[in-house]
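Here is how names work: the chains are called A, B, and so on, in the same order as the sequence lines, proteins then strands, and each is numbered from 1.
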Amino acid sequence: MENTTEKEKIRILLESPEGEEILRHTSAHVMAQAVKELFPETRLAIGPTIENGFYYDFDTARPFTPEDLDKITERMQEIVRRAYPVVRTEMSPDEAIVFFEQRHEPYKVELIRDLMEESMVSLYAQGDFVDLCRGPHLPNTSMLKHFKLLNVAGAYWRGDERNPMLQRIYGTSFARKEGLQNHLKMLEEAKKRDHRKLGRELDLFEINETVGGGLILYHPKGAMLRWILEDFEKAEHLKRGYLPVIGPQILKSDVWRISGHYDYYKENMYFTEIEGKEYGIKPMNCPAHMMIFQSKTRSYRDLPLRFFELGTVHRHEKTGVLHGLLRVRGFTQDDAHIFCLPEQLTGEIIGVIDFVRDVMKVFGFEYTLELSTRPEKSIGSDEDWDRATLALTSALEEHRLAYTINEGDGAFYGPKVDVKIKDALGRSWQCATIQCDFTLPERFKLRYAGQDGSEHRPIMLHRVILGSLERFMAVLIEHFAGKFPVWLAPVQAVVINITDKQLSYAAEVKEKFVKAGIRTDLDARNEKMGYKIREAQIQKIPYMIIVGDREMESLKISLRSRDRGDLGTLNIESSIQDILKEIEEKRIPEDTMEIKDQGTKIKKQKIG
RNA sequence: GCCGAUGUAGCUCAAUCGGUAGAGCAACUGAUUUGUAAUCAGUAGGUUGUCGGUUCGAUUCCGGCCAUCGGCUCCA
């Protein structure tokens with residue numbers, strides 16, 4: 001028997017991040033054991049831990065059903081009750097191969113073949129179940145308490161689509177009941193905030209089967225939100241010396257040959273034909289910007305030149321990857337290309353990072369920076385790479401910005417800095433990215449006249465701040481759970497009359513708000529006030545302006561805030577001023593940051 | 001693209017064993033004139049995703065396609 005202090009110690013250890021990782025790993029083994037007991041013909045593949053959980057891949061005769069998950073859960077609980085000690089043994093890779101061949105586990109054998117240079121491999125056993133595993137594990141299966149199997153999915157062996165598809169079961173496991181409960185609550189909250197659900201409920205946008213997958217129809221309120229973001233972006237870019245440019249939707253394939261897209265990106269592009277000439281619908285904005293740079297002789301005095309475009313691009317994405325506004329086939333990027341002198345590069349990068357900082361502050365996002373360096377498959381000279389990487393790092397260092405390095409994760413044409421923002425549920429999203437590119441200036445033969453009178457190649461940065469407006473809107477919707485700050489709310493206020501008697505006064509009040517520049521509706525329907533308030537709350541309209549006899553007689557209004565409830569009877573003019581101030585300051589509602597969890601889901605989208 | 005699930009009214013869902021579909025909300029009409037999250041009554045609304053097969057008869061069974069959802073893969 002363990003004494004209490006010993007138990008206490010173990011409990012504390014298990015609650016640490018490392019402890020929970022071990023716990024989850026053992027959970028995966030217990031699940032595999034349960035599956036083997038219930039379906040002995042199943043072959044084991046791999047079962048690692050992931051953020052907040054674990055999974056195990058199985059090769060099965062038939063896919064698992066939700067009922068199977070229930071059975072597996074029951075059997076897991078039984079295995080926990082059986083309280084098997086978890087025993088580590090070691091053997092040489094050769095012995096291990098024989099061992100797993102005897103047990104008819106071909107995937108394990110394949111894994112061991114990659115470990116042949118090791119002198120020993122470790123195995124963990126609990127009861128009859130033995131798995132190849134580096135460990136460590138819990139000493140006993142009875143220590144598993146709070147776990148739940150979540151879903152089944154197909155997954156390729158070793159993540160390669162040429163390999164057979166296995167059945168993966170995802171689950172989660174925690175040392176404390178509250179941990180599990182919180183996590184499940186977070187998943188539920190994420191479901192409630194799902195931008196696809198809120199997009200319908202708030203009547204922002206739709207994706208229509210007849211129109212096509214991955215193509216967005218913005219409804220008036222969604223389009224309003226887009227406009228607000230676009231106006232904001234235009235103003236911010238003008239403040240920072242960007243010049244507007246606009247390229248066409250289709251460009252002759254000649255351009256795509258120059259840019260390299262015709263060779264490297266063709267399978268993601270759509271093509272059309274005009275009078276026998278092939279045109280490509282743009283998947284990126286850069287070639288048009290290159291052409292505009294090229295359109296006349298440029299001098300070093302013109303640089304830096306910052307071309308900005310809210311550029312709508314179309315990319316062929318496989319049907320299975322489409323996902324609401326997050327992964328679409330047509331989207332608009334807040335795209336810019338900065339052409340500069342070598343000595344301007346660091347300053348320009350800092351300028352973009354500052355830009356990102358300012359913008360993310362406005363929306364209330366925390367973020368982290370990641371530097372991605374040269375990948376194996378890449379083009380350009382070592383000098384170019386070194387110079388560009390140095391420019392990025394020195395910009396980060398000079399600004400004393402914390403960043404992590406993704407070795408070899410850069411674009412094939414240059415290194416990049418990605419910005420990962422973190423939403424109210426702790427999930428991260430990639431939005432902004434800054435990429436150095438030597439290829440395109442080369443391919444388009446861009447040049448400027450230097451101070452020395454000779455021609456030089458400018459350096460170019462691609463960058464987006466919000467990334468794709470579609471994606472950013474999705475993140476905003478989920479981050480705010482549809483309760484947008486007033487400045488972003490498509491409808492900022494709604495006038496609610498109590499009876500028909502106040503209709504004309506209500507219309508007057510609405511006019512005053514509208515004239516002041518506040519997006520205000522009038523709900524003149526013959527419904528009870530409570531009904532209209534309920535509807536406005538559900539529509540997450542920031543302010544409800546209530547007018548009854550009392551307000552009409554005193555020429556006042558009663559104001560109700562979506563977030564703070566009844567604010568009492570107020571003057572029209574001072575209410576307008578207060579709301580305008582809130583809009584001006586782009587104030588963020590306090591309750592946005594409700595639930596935090598470690599859940600991390602990274603969605604990337606390429607820029608051009 | 002791959003594995004699995006799903007597709008019924010604008011939305012959320014129901015329909016026993018195969019016998020041509022029903023509710024709530026929304027919409028519309030009428031009554032009601034209301035004080036901080038749902039007033040009452042009535043009316044209308046459907047080629048059950050789509051194409052084909054089996055059957056006397058298909059929302060139901062089978063197959064193809066499309067789309068969506070959960071993943072995988074992909075994401076210059």
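- Under the ring-ring contact (aromatic ring centres under 6.0 Å, His included) criterion, A:Tyr403 pairs with no residue, sequence neighbours left out.
- Distance CD1 (A:Ile207) to C1' (B:C69): 12 Å, rounded to an integer number of Å.
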Just distance, no hydrogens or angles: give the donor-acceptor pairs under 3.5 Å from side chains in residues 564-571 of chain A, sequence neighbours left out.
| unit_1 | atom_1 | unit_2 | atom_2 | d |
| --- | --- | --- | --- | --- |
| A:Arg564 | NH2 | A:Tyr543 | OH | 2.6 |
| A:Asp566 | OD1 | A:Gly568 | N | 2.9 |
| A:Thr569 | OG1 | A:Ser558 | OG | 3.3 |

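- Nucleotide B:U50: paired with B:G64 (Watson-Crick or G-U wobble, both distances less than 3.5 Å).
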Would you tabulate the pairs of protein nitrogen or oxygen atoms and nucleotide nitrogen or oxygen atoms of nucleotides 23-28 of chain B closer than 3.5 angstrom?
| unit_1 | atom_1 | unit_2 | atom_2 | d |
| --- | --- | --- | --- | --- |
| B:A26 | OP1 | A:Tyr531 | OH | 2.7 |

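- A:Glu206 comes within 4.0 angstrom of no nucleic acid atom, judged by non-hydrogen atoms across all strands.
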Would you tabulate the pairs of protein nitrogen or oxygen atoms and nucleotide nitrogen or oxygen atoms of nucleotides 1-3 of chain B closer than 3.5 angstrom?
| unit_1 | atom_1 | unit_2 | atom_2 | d |
| --- | --- | --- | --- | --- |
| B:G1 | OP2 | A:Thr319 | OG1 | 2.2 |
| B:G1 | N2 | A:Tyr156 | OH | 2.5 |
| B:C2 | O4' | A:Tyr156 | OH | 3.3 |
| B:C2 | O2 | A:Tyr156 | OH | 3.4 |
| B:C3 | O2' | A:Gln167 | NE2 | 3.0 |
| B:C3 | O2 | A:Gly154 | N | 3.3 |

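- Contact between the side-chain N/O atoms of A:Tyr55 and the OP1/OP2 oxygens of B:C72 is not found at any separation under 4.0 Å.
- Classification of A:Asp194 and A:Lys191 as a salt-bridged pair fails, no side-chain N sitting under 4.0 Å from a carboxylate O.
- Using a 4.0 Å cut-off between charged side-chain N and carboxylate O, A:Lys282 and A:Glu309 make a salt bridge.
- Less than 6.0 angstrom separates the ring centroid of A:Tyr55 from the ring centroid of A:Tyr170.
- Within 4.0 Å of A:Gly548, counting heavy atoms only, lies at least one base atom of the nucleic acid.
- Of the nucleotides present, B:C25 is the one that pairs with B:G10 by Watson-Crick or G-U wobble criteria, both distances under 3.5 Å.
- Within 4.0 Å (heavy atoms only), A:Tyr170 reaches sugar-phosphate atoms of the nucleic acid but no base atom.
- In terms of polar N and O atoms assigned as donor or acceptor, the side chain of A:Gln502 never comes within less than 3.5 Å of the base of B:G35 in a complementary pairing.
- Side-chain contact check for A:Glu206 and A:His219: at least one donor-acceptor pair (N or O, by modelled atom type) lies under 3.5 Å.
- Residue A:Leu559 contributes atom CG, which lies 12 Å from atom C1' of B:U36 at whole-angstrom precision.
- Residue contacts for A:Gly260: at a heavy-atom cut-off of 4.0 Å it reaches a base atom on one of the strands shown.
- Nucleotide B:G18: unpaired (no Watson-Crick or G-U wobble partner with both distances less than 3.5 Å).
- For A:Glu209, the side-chain atoms get nearest to B:A67 when compared with the rest of B:G70, B:A67, B:A37.
- Contact annotation: A:Arg550 does not reach the phosphate of B:G35 (side-chain N/O to OP1 or OP2, under 4.0 Å).
- Under the Watson-Crick or G-U wobble criterion, with both distances below 3.5 Å, B:G70 is paired with B:C3.
- Checked against salt bridge (Lys or Arg N to Asp or Glu O under 4.0 Å), A:Arg374 has the following partners two or more places apart in sequence or in another chain: A:Asp382.
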Output a table of nitrogen or oxygen pairs between the protein and nucleotides 8-12 of chain B separated by less than 3.5 Å.
| unit_1 | atom_1 | unit_2 | atom_2 | d |
| --- | --- | --- | --- | --- |
| B:U12 | OP1 | A:Arg200 | NH2 | 3.2 |

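- In this structure, B:A38 forms no base pair with any nucleotide, since neither Watson-Crick nor G-U wobble geometry is met with both distances under 3.5 Å.
- Both distances falling under 3.5 Å, in either a Watson-Crick or a G-U wobble arrangement, occur for no nucleotide opposite B:A58.
- Salt bridge status for A:Arg158 with A:Asp160: absent, with no side-chain N to carboxylate O gap under 4.0 Å.
- Rounded to whole Å, atom C1' of B:U68 lies 17 Å from atom CZ of A:Arg327.
- Within 4.0 Å (heavy atoms only), A:Ser558 reaches at least one base atom of the nucleic acid.
- Taking the six-membered ring where the residue is Trp, the centroids of A:Tyr56 and A:Phe58 are separated by under 6.0 Å.
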Please test A:Asp418 against A:Lys420 for salt bridge (charged side-chain N to carboxylate O under 4.0 Å, His left out), starting from the C-alpha separation and ending with a verdict. CA-CA 6 Å; A:Asp418 291 328; A:Lys420 299 262 160 77; 5.1 Å; no
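- Contacts of A:Arg560 with the nucleic acid, taken as non-hydrogen atoms under 4.0 Å apart, include base atoms.
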